[in-house]
Enquirer: 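Structure in structure tokens, see below.
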Amino acid sequence: MKHLSYIIVGLTLTATLWVSCSERKPKGGRTDTYSSGVISFASDESFSPIIEEEREVFESIYPKARLKPIYTNETDAVNKLMKGDICLVITSRDFSSKELRNLQDRTFMPRAIKIAYDGLALIVNKTNTDTCLTVNDIGGILSGKIKSWKQLNPASNKGDIEVVFDTQKSSAINWCVDSILKGKPMTSENIMAAKTSKEVIDYVEKTPNAIGVIGSNWLNDKRDTTNTTFNKAITVVSVSSMAKATPMNSWKPYQYYIYNGNYPLVRTIYALLNDPLNALPWGFAHFIESPKGQMIIFKSGLLPYRGDMTVRDVNVRQE
């Protein structure tokens with residue numbers, strides 16, 4: 001008889017306030033309300049699996065609402081909001097001080113709502129046995145100081161390290177520059193960009209010396225078409241904040257390790273709003289931060305921003 005210890009993560013969600021919208025005259029041709037009408041919004045492509053589910057549930061609750069997502073890179077998404085083309089962006093950063101001043105100078109009242117925490121995941125080919133890296137290792141790879149797998153493991157036969165991101169303007173690149181390289185540019189000659197997170201996964205499956213950088217919701221969410229969670233051709237890298245990575249001090253971007261701080265590559269997901277009508281973009285953003293929306297995030301494997309986490313150890317007997 002074996003006794004196995006499992007960690008169960010529970011979520012007690014807190015209620016949020018729903019803001020009702022009064023009747024108002026259309027502004028700029030818009031006729032949408034808090035729960036009806038048609039609007040477009042933009043999201044970083046790396047969050048598309050979870051945002052698609054949020055959208056589908058929202059539209060099932062409010063059948064008079066239609067949300068048209070634009071899945072693109074972080075830079076282009078925020079630029080659309082700044083130009084007034086859209087009023088809502090889902091991304092992994094807050095407004096910059098310059099962006100806030102720009103909008104406020106134009107008498108807008110922008111708002112940033114934190115909705116979740118996401119672990120930035122590193123993936124390698126299944127044949128690669130170097131699956132524990134430090135944050136310093138990653139910085140060395142991105143800066144070009146570490147160019148080959150032999151510099152990390154003298155016994156490796158994988159050759160030069162190729163790093164692949166989803167797009168050239170992705171939130172993953174911006175986060176790595178800001179948080180790992182401390183604002184210094186990536187100077188490695190072997191960094192490339194695909195077009196989508198799925199293409200990153202496909203490339204790593206076929207390339208033994210590659211490292212892919214994607215959002216962890218592509219690993220944990222079984223509803224995406226890549227089925228990465230069960231893909232035997234890919235390995236998720238364990239990352240350590242220590243000087244030397246070992247299996248005992250390195251962690252994968254699973255929900256519990258994001259929650260307890262063990263996984264070091266964590267970014268915050270925001271809903272950036274610039275909606276003078278407080279209409280449908282506000283309705284959808286507040287739905288995502290509501291108990292129902294946060295439960296969708298919880299079930300996807302990401303860590304909800306709102307909610308109290310309860311952790312229990314459970315002994316399970318196997319005959």
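Note that the coordinates shown come from a computational prediction; the quantities given were computed from them, not determined experimentally. Heavy-atom basis, side chains included; hydrogens, waters and symmetry copies ignored.
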Enquirer: List for me each residue that meets salt bridge (charged side-chain N to carboxylate O under 4.0 Å, His left out) alongside Glu52, sequence neighbours excluded, and say none if there are none.
Expert: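 Partners of Glu52 under the salt bridge (charged side-chain N to carboxylate O under 4.0 Å, His left out) test: Arg55.
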Enquirer: List for me each residue that meets side chain to side chain contact (heavy atoms under 4.5 Å, CB included) alongside Ser179, sequence neighbours excluded, and say none if there are none.
Expert: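 Ser179 satisfies side chain to side chain contact (heavy atoms under 4.5 Å, CB included) with Trp175 only.
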Enquirer: Would a single hydrophobic cluster contain both Ile61 and Ile296, if residues Ile, Leu, Val, Met, Phe, Trp and Tyr are joined by side-chain heavy-atom contacts under 4.5 Å?
Expert: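 Per the 4.5 Å side-chain linkage, Ile296 and Ile61 are co-clustered.
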Enquirer: What side-chain hydrogen bond (donor to acceptor under 3.5 Å, both in side chains) pairs are there with at least one residue in residues 160-173, not counting sequence neighbours?
Expert: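 Every side-chain hydrogen bond (donor to acceptor under 3.5 Å, both in side chains) pair that includes a residue of residues 160-173, provided the two are not neighbours, is Asp44-Ser171, Asp76-Lys169, Glu162-Tyr203, Glu162-Asn209, Asp166-Ser170, Ser171-Arg267.
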Enquirer: State yes or no: do Leu272 and Leu100 share one hydrophobic cluster built from I, L, V, M, F, W and Y residues joined by side-chain heavy-atom distances below 4.5 Å, directly or via other members?
Expert: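 Yes, Leu272 connects to Leu100 through the hydrophobic network.
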Enquirer: Looking only at atom types and distance, does a side-chain atom of Ser216 sit under 3.5 Å from a main-chain N or O of Leu219, one as donor and one as acceptor?
Expert: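 Side chain of Ser216 to backbone of Leu219, a donor-acceptor pair under 3.5 Å: no, none is there.
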Enquirer: Quick one: ring-ring contact (aromatic ring centres under 6.0 Å, His included) partners of Phe41, sequence neighbours excluded?
Expert: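 Partners of Phe41 by the ring-ring contact (aromatic ring centres under 6.0 Å, His included) criterion, ordered by chain and then number, come out as Phe284.
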Enquirer: Report yes if some heavy atom in the side chain of Ile234 is under 4.5 Å from a heavy atom in the side chain of Glu205; otherwise report no.
Expert: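 Sidechains of Glu205 and Ile234: in contact.
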Enquirer: Going by salt bridge (charged side-chain N to carboxylate O under 4.0 Å, His left out), name the residues that satisfy it together with Asp275, two or more places apart in sequence or in a different chain.
Expert: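 By the salt bridge (charged side-chain N to carboxylate O under 4.0 Å, His left out) rule, Asp275 matches Arg30.
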Enquirer: Kindly give the heavy-atom pair with the smallest separation between Lys145 and Gln151, and that separation in Å.
Expert: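 Minimum heavy-atom contact is O-NE2, 3.1 Å.
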Enquirer: Taking atom CD1 of Ile86 and atom CG of Asn79, what is their separation to the nearest 0.5 Å?
Expert: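 Here the interatomic distance stands at 10.0 Å.
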Enquirer: How close do Lys150 and Ser156 get, heavy atom to heavy atom, and via which atoms?
Expert: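 Scanning both residues, the minimum pair turns out to be NZ-O, 3.1 Å.
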Enquirer: Are a donor atom and an acceptor atom from the side chains of Thr127 and Lys158 found within less than 3.5 Å of each other?
Expert: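 Yes, a side-chain donor-acceptor pair sits under 3.5 Å.
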Enquirer: Quick check against the 3.5 Å criterion: does Glu199 have a side-chain atom that pairs as donor or acceptor with the backbone of Ala194?
Expert: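 Not confirmed, Glu199 side chain does not pair with Ala194 backbone.
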Enquirer: Can you name the salt bridge (charged side-chain N to carboxylate O under 4.0 Å, His left out) partners of Glu99, sequence neighbours left out?
Expert: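 If we apply the salt bridge (charged side-chain N to carboxylate O under 4.0 Å, His left out) test to Glu99, skipping adjacent residues, the hits are Arg93.
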Enquirer: Should Lys206 and Asp202 count as an ion pair when the cut-off is N to O under 4.0 Å?
Expert: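 No.
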Enquirer: With Ala116, which residues qualify under side chain to side chain contact (heavy atoms under 4.5 Å, CB included), at least two apart?
Expert: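 With sequence neighbours excluded, Ala116 shows a side chain to side chain contact (heavy atoms under 4.5 Å, CB included) to Ile269, Ile297, given in chain and number order.
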Enquirer: Could you please spell out the steps behind the side-chain contact (heavy atoms from CB on, under 4.5 Å) verdict for Leu120 and Cys176?
Expert: CA-CA 9 Å; Leu120 200 63; Cys176 287; 3.8 Å; yes
Enquirer: Rounded to the nearest 0.5 Å, what separates atom NZ in Lys64 from atom OG1 in Thr33?
Expert: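 Taking NZ in Lys64 and OG1 in Thr33, the distance rounds to 9.0 Å.
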Enquirer: For Ser250, enumerate each residue passing the side chain to side chain contact (heavy atoms under 4.5 Å, CB included) test, keeping only those at least two apart in sequence or located in another chain.
Expert: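 With neighbours one apart ignored, the set is Cys132, Ser238, Ser240, Ala245.
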Enquirer: Which heavy atom in Ser46 sits nearest to a heavy atom in Trp218, and how many Å separate them?
Expert: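 Looking at all heavy atoms of both residues, the shortest contact is O-NE1, 2.9 Å.
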Enquirer: Heavy-atom distance under 4.5 Å between the side chains of Asp118 and Ile50, does that happen here?
Expert: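 In short, these two side chains do not touch, never coming nearer than 4.5 Å.
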Enquirer: List in chain and number order the residues that pass side chain to side chain donor-acceptor pair (under 3.5 Å) with Asn174, two or more places apart in sequence or in another chain; answer none if no residue qualifies.
Expert: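 Checked Asn174 against side chain to side chain donor-acceptor pair (under 3.5 Å); matches are Glu74.
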Enquirer: For side-chain contact (heavy atoms from CB on, under 4.5 Å), just list the numbers for Asn128 and Ile211, CA-CA rounded to whole Å, side-chain angles, deciding distance to a tenth of an Å, and then say yes or no.
Expert: CA-CA 10 Å; Asn128 194 335; Ile211 297 178; 5.9 Å; no
Enquirer: Are Ser188 and Leu142 packed together at the side-chain level, in the sense that at least one heavy-atom pair is separated by less than 4.5 angstrom?
Expert: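 No, too far: nothing below the 4.5 Å cut-off.
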Enquirer: List the atom of Pro281, the atom of Asp32, and the distance in Å for their closest heavy-atom pair.
Expert: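 Taking Pro281 first and Asp32 second, the nearest heavy atoms are CD-OD2, 3.6 Å.
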Enquirer: Do Ile138 and Val237 have side chains that get closer than 4.5 Å, going by heavy atoms?
Expert: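 The answer is no; the side chains never approach within 4.5 Å.
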Enquirer: Looking only at atom types and distance, does a side-chain atom of Glu189 sit under 3.5 Å from a main-chain N or O of Gly144, one as donor and one as acceptor?
Expert: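 Such a contact is absent between Glu189 side chain and Gly144 backbone.
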Enquirer: To the nearest 0.5 Å, what is the distance between OH on Tyr259 and CG on Leu303?
Expert: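 Separation between the atoms: 8.5 Å.
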Enquirer: Rounded to the nearest 0.5 Å, what separates atom CD1 in Ile173 from atom CG in Leu181?
Expert: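 Going from CD1 on Ile173 over to CG on Leu181, the span is 11.0 Å.
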Enquirer: Find the distance between CD1 (Ile214) and CD (Glu45) and round it off to the nearest 0.5 Å.
Expert: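 Ile214 atom CD1 to Glu45 atom CD measures 10.0 Å (nearest 0.5 Å).
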Enquirer: Under a 3.5 Å distance rule, please check whether Tyr71 uses its side chain to pair with a backbone N or O of Phe47 as donor and acceptor.
Expert: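 Such a contact is absent between Tyr71 side chain and Phe47 backbone.
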Enquirer: Name all residues meeting the ring-ring contact (aromatic ring centres under 6.0 Å, His included) criterion together with Trp251; count only those two or more places apart in sequence or in a different chain, and write none if there are none.
Expert: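 Result, ring-ring contact (aromatic ring centres under 6.0 Å, His included) vs Trp251: Tyr257.
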Enquirer: Ignoring hydrogens, what is the shortest heavy-atom contact between Thr134 and Ala243? Give both atom names and the distance.
Expert: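 Minimum heavy-atom separation between Thr134 and Ala243: CG2-O, 3.7 Å.
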Enquirer: Let me confirm one number: the OG-CG distance from Ser241 to Asn249, rounded to the nearest 0.5 Å.
Expert: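 It is 7.5 Å, given to the nearest 0.5 Å.
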Enquirer: According to side chain to side chain donor-acceptor pair (under 3.5 Å), who are the partners of Arg111, at least two apart in sequence or on a separate chain?
Expert: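 Scan of Arg111 (side chain to side chain donor-acceptor pair (under 3.5 Å), adjacent residues dropped) gives none.
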Enquirer: How about Met242: does its CE atom have over 12 heavy atoms from other parts shown lying under 6.0 Å from it?
Expert: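 No, CE of Met242 has 12 or fewer neighbouring heavy atoms, counting only those of other groups under 6.0 Å.
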Enquirer: Decide if atom NZ of Lys252 counts as having more than 12 heavy atoms of other residues, nucleotides or ligands within a radius under 6.0 Å.
Expert: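 Counting neighbours around NZ of Lys252, more than 12 heavy atoms of other residues, nucleotides or ligands fall under 6.0 Å, so yes.
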Enquirer: Minimum heavy-atom separation for Leu103 and Pro110, please, with both atom names.
Expert: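 Closest approach of Leu103 to Pro110: CD1-CB, 3.7 Å.
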Enquirer: Under the ring pair (Phe, Tyr, Trp, His ring centres under 6.0 Å) rule, what pairs show up with a residue in residues 111-153, not counting sequence neighbours?
Expert: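 Qualifying pairs: Tyr117-Tyr305.
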Enquirer: Can you establish whether the number of heavy atoms outside Lys147 located under 6.0 Å from its atom NZ is more than 12?
Expert: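 Check fails, neighbour count at 12 or below.
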